[in-house]
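This report concerns only the one structure given below.
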Amino acid sequence: MNKQSAATLASAPPATEKELLARAEQLIGCSFQQLADIAGVAVPSSMRHAKGWAGQLLELFLGASAGSRAEQDFPEIGVELKTIPVNLQAMPLETTYVCIAPLTGLTGVSWEQSNVRNKLSKVLWIPIDGRREVPIGERSVGLPLLWQPSPTQEQMLKQDWEEITEAIVLGQVESITARTGMALQLRPKAANSKALTSAIGPHGELIQTLPRGYYLKKQFTQQILAEGLGLELPQSQK
DNA sequence: CTGTGATCATTA
DNA sequence: TAATGATCACAG
């Protein structure tokens, strides 16, 4: 079968949301093998040593420009790109990394000014086939969804962020686990478990601890994707 | 080391 | 088997 693809590498960032969506729509149904061929890169046999491969491949086609800067992927139009591995039921297979968590200098920082809120204020979700039993080259790209948090979702994120931030400020960072929070969680984000960064200790002193990052829990991401498909949960009452 | 892109793999 | 804690590659 000749799968016709209009996918092309982006030469510049999209100037508008509409242009970004148009590019994303050209990728629907494309396999990673096709995209890798166009991009001139090899398809890894496993993600084990190529964990960000799919995300960075899609950045090439969409024209993301921020590189490794702590910014949205498309600062010109205020959009963050997230690829999300899913199964055939469109259920997320992984949590979603949001950003690194500052562990010092947080006094006086509000949710409104937080990096988490900035990154999540508008997100282009692109589901990808994340099934490990399928060879990577055969996995394909799903339907893009441009999302902004609903008031309820933002409230949930804000509540979690405030709970976690308060613990960090109070020197309780080491007592925060991935179970803290309903939508947002704090987890290690480092090369390995020996990496260290500064944080506030239980008595207000500076301590060295494992760097952490903010992640979205699967259940929260699943809700976003389901609503994007128009699949609201059944209402028991109308 | 920090921050980007995340997924892996051991544990509960 | 799902979720938590650990890890991989690369740019700067």
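By convention in this document, chain letters (A, B, ...) are assigned in the order of the sequence lines, proteins followed by strands, and residues within each chain are numbered from 1.
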query: Does A/E19 use its side chain to pair, donor to acceptor, with the backbone of A/A15 at less than 3.5 Å?
result: yes
query: Taking only residues two or more places apart in sequence or in another chain, which ones pass side-chain hydrogen bond (donor to acceptor under 3.5 Å, both in side chains) with A/T104?
result: none
Give every donor-acceptor pair under 3.5 Å between a side-chain atom in residues 197-206 of chain A and any protein atom, sequence neighbours left out.
residue : atom : partner : partner atom : Å
A/S198  : OG   : A/Q208  : OE1          : 3.0
A/E205  : OE1  : A/H203  : N            : 2.9

- request: Using a 4.0 Å heavy-atom cut-off across all strands, classify A/A70 as base, sugar-phosphate, or nothing.
  value: sugar-phosphate
- prompt: side-chain hydrogen bond (donor to acceptor under 3.5 Å, both in side chains) with A/E112: which residues, sequence neighbours excluded?
  reply: none
field: Heavy atoms from other residues, nucleotides or ligands near CD of A/E166 exceed 12 (cutoff 6.0 Å)
entry: no
- request: Using the side-chain contact (heavy atoms from CB on, under 4.5 Å) rule, pick out the option among A/Q153, A/K122, A/K82 that qualifies with A/W147.
  value: A/Q153
query: Starting at the 5' end of DNA chain C, which residue's closest nucleotide do you reach first, A/Q185 or A/K194?
result: A/Q185
- request: Have a look at the helix from B/dC1-C/dG12 to B/dA12-C/dT1 and give the angle its two end axes make, five pairs each, rounded to 10 degrees.
  value: 30°
- line: Between CZ of A/R212 and C1' of B/dT2 the distance, given in whole Å, is 15 Å
When you compare the protein's N or O atoms with those of nucleotides 6-8 of chain B, which come within less than 3.5 Å of each other, and at what distance?
residue : atom : partner : partner atom : Å
B/dA6   : OP1  : A/T83   : N            : 3.2
B/dA6   : OP1  : A/T83   : OG1          : 2.5
B/dA6   : N6   : A/Y215  : OH           : 2.7
B/dT7   : O2   : A/K51   : NZ           : 3.0
B/dT7   : O4   : A/R187  : NH2          : 3.4
B/dC8   : OP2  : A/R132  : NE           : 2.7
B/dC8   : OP2  : A/R132  : NH2          : 3.0
B/dC8   : O4'  : A/K51   : NZ           : 3.4
B/dC8   : N4   : A/E94   : OE1          : 3.2

Identified side-chain contact (heavy atoms from CB on, under 4.5 Å) partner of A/V141 from the options A/L57, A/L58, A/T83, A/I28: A/L58
statement: Across all chains, not counting sequence neighbours, the side-chain hydrogen bond (donor to acceptor under 3.5 Å, both in side chains) partners of A/Q33 are A/D37
Sequence neighbours excluded, every pair satisfying side-chain hydrogen bond (donor to acceptor under 3.5 Å, both in side chains) that has a member inside residues 169-178 of chain A: A/E174-A/T209
message: Please tell me whether A/L93 and A/I126 are part of a single hydrophobic cluster in this structure, the criterion being side-chain heavy atoms less than 4.5 Å apart.
response: no
message: With salt bridge (charged side-chain N to carboxylate O under 4.0 Å, His left out) as the rule and sequence neighbours excluded, what pairs involving residues 89-108 of chain A come up?
response: A/E94-A/R132
query: Who are the side-chain hydrogen bond (donor to acceptor under 3.5 Å, both in side chains) partners of A/N87, not counting sequence neighbours?
result: none
- prompt: In residues 156-171 of chain A, which ones come under 4.0 Å of DNA chain C, going by heavy atoms?
  reply: none
- request: Remember a base hit wins even if backbone is also touched, and classify A/L93 as base, sugar-phosphate or nothing at under 4.0 Å, heavy atoms.
  value: nothing
- line: Counted 5' to 3', the first and last nucleotides of DNA chain C within 4.0 Å (strictly under) of a heavy-atom of chain A are C/dA3 to C/dA11
message: Can you list, by chain and residue number, the hydrophobic cluster partners of A/Y97 when the side-chain cut-off is 4.5 Å?
response: A/I100, A/Y215
